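As structure tokens, the structure follows; a few thoughts come after it.
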Amino acid sequence: MKNLELEILRHSTAHLMASAVQKLFPNTKFGIGPAIEDGFYYDFDMEKRLEPEDLELIEKEMQKIAEEDLVFEKIEKTRNEAIEFFTKKNQPYKVEIIKDLPSEIQEVSFFRNGDFVDLCKGPHLERTSEIKYFKLLNLAGAYWRGNEKNPMLQRIYGTAFYTKEALDEYLKVLDEARSRDHRTLGRELDLFSVTDEIGGGLVLWHPNGARVRNVLENFWRDEHFRNGYEILYTPHIGKSTLWETSGHLGFYNENMYSPMQVDDQDYIIKPMNCPFHILVYKNSHHSYRDLPLRWAELGTVYRYERSGVLHGLMRVRGFTQDDAHIFCAQEQMEDEIIRVLKFCLKMLKDFGFSEYKIYVSTRPEKKFVGKLEEWERAEKALMRAIELANLEYEIDEGGGAFYGPKIDIKIKDALKREWQCSTIQFDFNLPERFDMTYIGADGGKHRPYMIHRALLGSIERFFGILVEHYKGAFPVWLMHEQVRILTITEKQNEYAKNIFERLTEAGIRASINSSNEKLGYKVREAQVQKIPFMLIIGEKEQENNTISVRNRINKTLELSDLGKFIDFVLDKVQNKSLTVE
RNA sequence: GCCGAUGUAGCUCAGUUGGUAGAGCGGCUCAUUCGUAAUGAGUAGGUCGGAGGUUCAAGUCCUCUCAUCGGCUCCA
């Protein structure tokens, strides 16, 4: 199925929905109703507050209209006729759209199905009866034209497909996404919590989640040392004058928390790590021989996020960035970008993400700092690095920050959803503001290039993505508990303890369940908690000095020797294997 | 921040037209010593998100407030 065909179907379904709404709620003013990635929506302005039950009503009405087999009829009108038409019909939003069309457009097209006539350039299906498999999904508020100063309209989201199978499949994926929700799994696996008593967007990491995080961070550090980075630690607060120098108080103010007073000085909790890294740089003079400097930090920052945007671990107010800053000379810049990109992709792959989309954001039209040729050089370096890696990318023209162009990498998870994680950004602003220099081979002062980069983005978000990607069943190397020993009767307690000690000694994270429950119960418990391996220990095993291994995908493994099992697990850890067989 | 929905035990939820809180799971205790997704019995958990108000009486009605969820805007 081509996307274009789906788009036509969905857009036509949006019209169908609008015509149903018009029939049910005649005084409705219509916004727009486009097809979107997985479906469509339509925005309405009406007296009535729509409720979830109304969706069923509207769906039924749509079904009726579809069965009437109306024709989607195209009508042309001149611009003025169109304005007159919609003014008469009391459709101010439509009038606004037409008035905002470029002046060279004098003819506009309409589509009619039955009594419903909508401004639309098409294309559409031929008849309403072609729309068979659709579903209205949810209700939401949305600002007219996406601007929060405009009135808020009521939006209905829905989707449509050409076959029943495709629709069912899509609804199944939605269900699947719900069952993977990291907030639910986070509670079920006791990984983390967010509580009202502390405040929204401030995360408590429980032992299980913290264990996984710890493994992740240790790996992250090792890899950074291996890749030529040094690691820094910097404070959580700093004088407000620092943020004046950096300019954040100007351009980032609305995301920063109010200052606190210490000894008559204002201090601000950090929303970024960069100024601190720059001050480490400025603590001494640098020669061109020192460069490049690559400094990384798991830097915890606090940013004010509006209350309505907080979401589990994905959008929080306190989070840890896997931040790094690279300071280099102009001639090193291109190599550094290539290096970062390679490092980044390797890191993502180690966590099991090998599908991604890459975006390059270039210089904004108007507001930007730095010289034009610097921008061009940097943009070229970014694109070249991606091309050298033989990867595709999309250009977001003018989408860069005012201080420099960037690469953003969005990873695709098991459900093909895209998540923004990695970012590689040039900064032409801070080196200038902090007057950073190095002494070149010519004995003169030069300004270093500065590159910000985060590979995982924020540890919180990345962890949330991992939870959803793996549905809580982390790969063995990351899993907080790798092996659980299940005894059958208490006669095996001693033997179980010996096994536990050997596992622990080998560096395997294990526990014993010797409770007075039946084996079936213990298996179920371990299964629900997605523990990769269960060692079942009964009289038989004890007598023969063996073990019986079951993994979390309900398979018994042919590994009766503990030593061999330990090697097997360590091998999985070593290779970051994604399987448990 | 805005629009809408929700908020009852650790979790999932029930609570009829206002009459003073209930289940399952989980926890704890006891019994059971048992071979690959739930052994049985008993028991303890709640100022029904918070603050006002209406009423003889509020989990149920009204007002305000906070938080969460779905979106919008914004973003790591």
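What you are looking at is a predicted structure, and each value in this text was computed from that prediction instead of being measured. The sequence lines fix the lettering, A, B, ..., with proteins before strands; numbering per chain opens at 1.
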Considering every strand and a 4.0 Å limit on heavy-atom distances, what is the contact class for A/Gln425: base, sugar-phosphate, or nothing? nothing

Is a salt bridge present between A/Lys471 and A/Glu176, judged by a nitrogen-to-oxygen distance below 4.0 Å? yes

Record whether the side chain of A/Arg315 comes under 3.5 Å of the base of B/rC74 through a donor-acceptor pair of N or O atoms. yes

Could you check how far CZ of A/Arg183 sits from C1' of B/rG70, rounded to whole Å? 10 Å

Carboxylate-amine/guanidinium contact A/Asp175 A/Lys172, below 4.0 Å: no

OP1 or OP2 of B/rG1 less than 4.0 angstrom from a side-chain nitrogen or oxygen of A/Ser307, does that happen here? yes

A/Phe40 six-ring face occupied by A/Arg10 cation (under 6.0 Å, within 45°): no

Just call it for A/Lys522: base, sugar-phosphate, or nothing, with non-hydrogen atoms closer than 4.0 Å on any strand. nothing

For atom C1', what is the distance between B/rC62 and B/rG27, given to the nearest Å? 39 Å

Using a heavy-atom cut-off of 4.0 Å across all strands, would you classify A/Gln420 as base, sugar-phosphate, or nothing? sugar-phosphate

How many Å lie between CZ on A/Arg317 and C1' on B/rC75, as a whole number? 13 Å

Answer yes when A/Lys60 and A/Glu56 have at least one side-chain N-carboxylate O distance shorter than 4.0 Å, and no when they do not. no

How close or far is atom P of B/rG40 from atom CG of A/Asn516, stated in whole angstroms? 15 Å

Has the side chain of A/Lys522 got a donor or acceptor atom that lies under 3.5 Å from a matching backbone atom of A/Thr487? yes

Check for a donor-acceptor pair, side chain of A/Tyr257 on one end and backbone N or O of A/Arg303 on the other, with a separation under 3.5 Å. yes

Give A/Glu460 one of three labels, base, sugar-phosphate or nothing, depending on what nucleic acid heavy atoms sit under 4.0 Å from its own. nothing

Of all the choices, B/rC75, B/rA37, B/rU36, which nucleotide is nearest to the side chain of A/Arg461 once you look at every atom? B/rC75

Are the side chains of A/Phe251 and A/Asn429 in contact, using a 4.5 Å heavy-atom criterion? yes

B/rG27, syn or anti by chi within 90 degrees of zero: anti

Measuring only the P atom in each nucleotide, how far is B/rA44 from B/rG10? A whole number of Å is fine. 16 Å

Please work out if A/Val316 contacts a base, only the sugar-phosphate, or nothing of the nucleic acid, heavy-atom cut-off 4.0 Å. base

I'd like the P distance from B/rC25 over to B/rG42, given in whole Å. 12 Å

Can A/Tyr521 be said to stack with the base of B/rA37, given centres closer than 5.5 angstrom and planes under 30 degrees apart? no

What is the distance, rounded to the nearest whole Å, between atom CG of A/Leu486 and atom P of B/rU33? 20 Å

Who is the Watson-Crick or G-U wobble partner of B/rG1, with both distances under 3.5 Å? B/rC72

Heavy atoms under 4.0 Å, any strand shown: does A/Gly141 hit a base, just sugar-phosphate, or nothing? base

When you compare B/rG24 with B/rU43, how far apart are their P atoms, in angstrom units rounded to a whole number? 12 Å

For nucleotides B/rC48 and B/rC2, find the distance between their P atoms and express it as a whole number of Å. 28 Å

So what does A/Arg550 hit on the nucleic acid, given a heavy-atom distance under 4.0 Å: a base, only sugar-phosphate, or nothing? base

Contact class for A/Gly200 (heavy atom, under 4.0 Å): base, sugar-phosphate, or nothing? sugar-phosphate

Heavy atoms under 4.0 Å, any strand shown: does A/Asn255 hit a base, just sugar-phosphate, or nothing? nothing

Considering only atom C1', compute the distance from B/rU68 to B/rA23 and round it to an integer number of Å. 24 Å

Using a strict 4.0 Å threshold on nitrogen-to-oxygen distance, state whether A/Asp408 and A/Lys410 make a salt bridge. no

Within the structure shown, what part of the strands sits under 4.0 Å from A/Glu188 by heavy-atom distance: base, sugar-phosphate, or nothing? nothing

Value in whole Å for how far the C1' atom of B/rU39 lies from CD1 of A/Ile488: 15 Å

For the pair made of OH in A/Tyr302 and C1' in B/rA76, what is the distance, rounded to whole Å? 15 Å

Euclidean distance for P, B/rC28 against B/rC13 (whole angstrom): 24 Å

With a non-hydrogen cut-off below 4.0 angstrom, is A/Gly538 in contact with a base, only sugar-phosphate, or nothing? base

Donor-acceptor pair under 3.5 Å, A/Arg524 side chain vs B/rU36 base: no

Once you round to the nearest 0.5 Å, how far does CD of A/Glu460 lie from CD1 of A/Ile465? 11.5 Å

Calculate the interatomic distance between A/Tyr157 atom OH and B/rC3 atom C1'; express it in whole Å. 12 Å

Considering only heavy atoms and no angle criterion, is a donor-acceptor pair shorter than 3.5 Å present between the side chain of A/Tyr143 and the base of B/rG1? yes

Just call it for A/Asn147: base, sugar-phosphate, or nothing, with non-hydrogen atoms closer than 4.0 Å on any strand. nothing

Determine whether any donor atom in the side chain of A/Glu305 lies under 3.5 Å from an acceptor atom in the base of B/rA76, or the reverse, and answer yes or no. yes

Round to a whole Å and report the spacing from CG of A/Leu313 to P of B/rC69. 11 Å

Please give the distance between the P atoms of B/rG45 and B/rA9 as a whole number of Å. 15 Å

Is the shortest side-chain N/O distance from A/His452 to OP1 or OP2 of B/rA76 below 4.0 Å? no

Could you list all N or O pairs between the protein and nucleotides 7-12 of chain B that sit under 3.5 Å apart?
residue	atom	partner	partner atom	Å
B/rU12	OP1	A/Arg187	NH2	3.0

Taking all non-hydrogen atoms of both residues, which atom of A/Val340 and which atom of A/Arg453 are closest, and how far apart? CG1-CD, 3.9 Å

Where each residue is assigned the nucleotide of RNA chain B containing its nearest heavy atom, which of A/Gly457 and A/Glu517 is assigned the position nearer the 5′ end? A/Glu517

Side-chain donor-acceptor distances from residues 351-359 of chain A under 3.5 Å, at least two apart:
residue	atom	partner	partner atom	Å
A/Glu355	OE2	A/Lys416	NZ	2.7
A/Lys357	NZ	A/Glu394	OE2	3.4
A/Tyr359	OH	A/Glu418	OE1	3.3

Please classify the nucleic acid contact of A/Ser548 as base, sugar-phosphate, or nothing, using heavy-atom distances under 4.0 Å. base

Which is more 5' along RNA chain B, the nucleotide nearest A/Arg145 or the one nearest A/Phe319? Just name the residue. A/Arg145

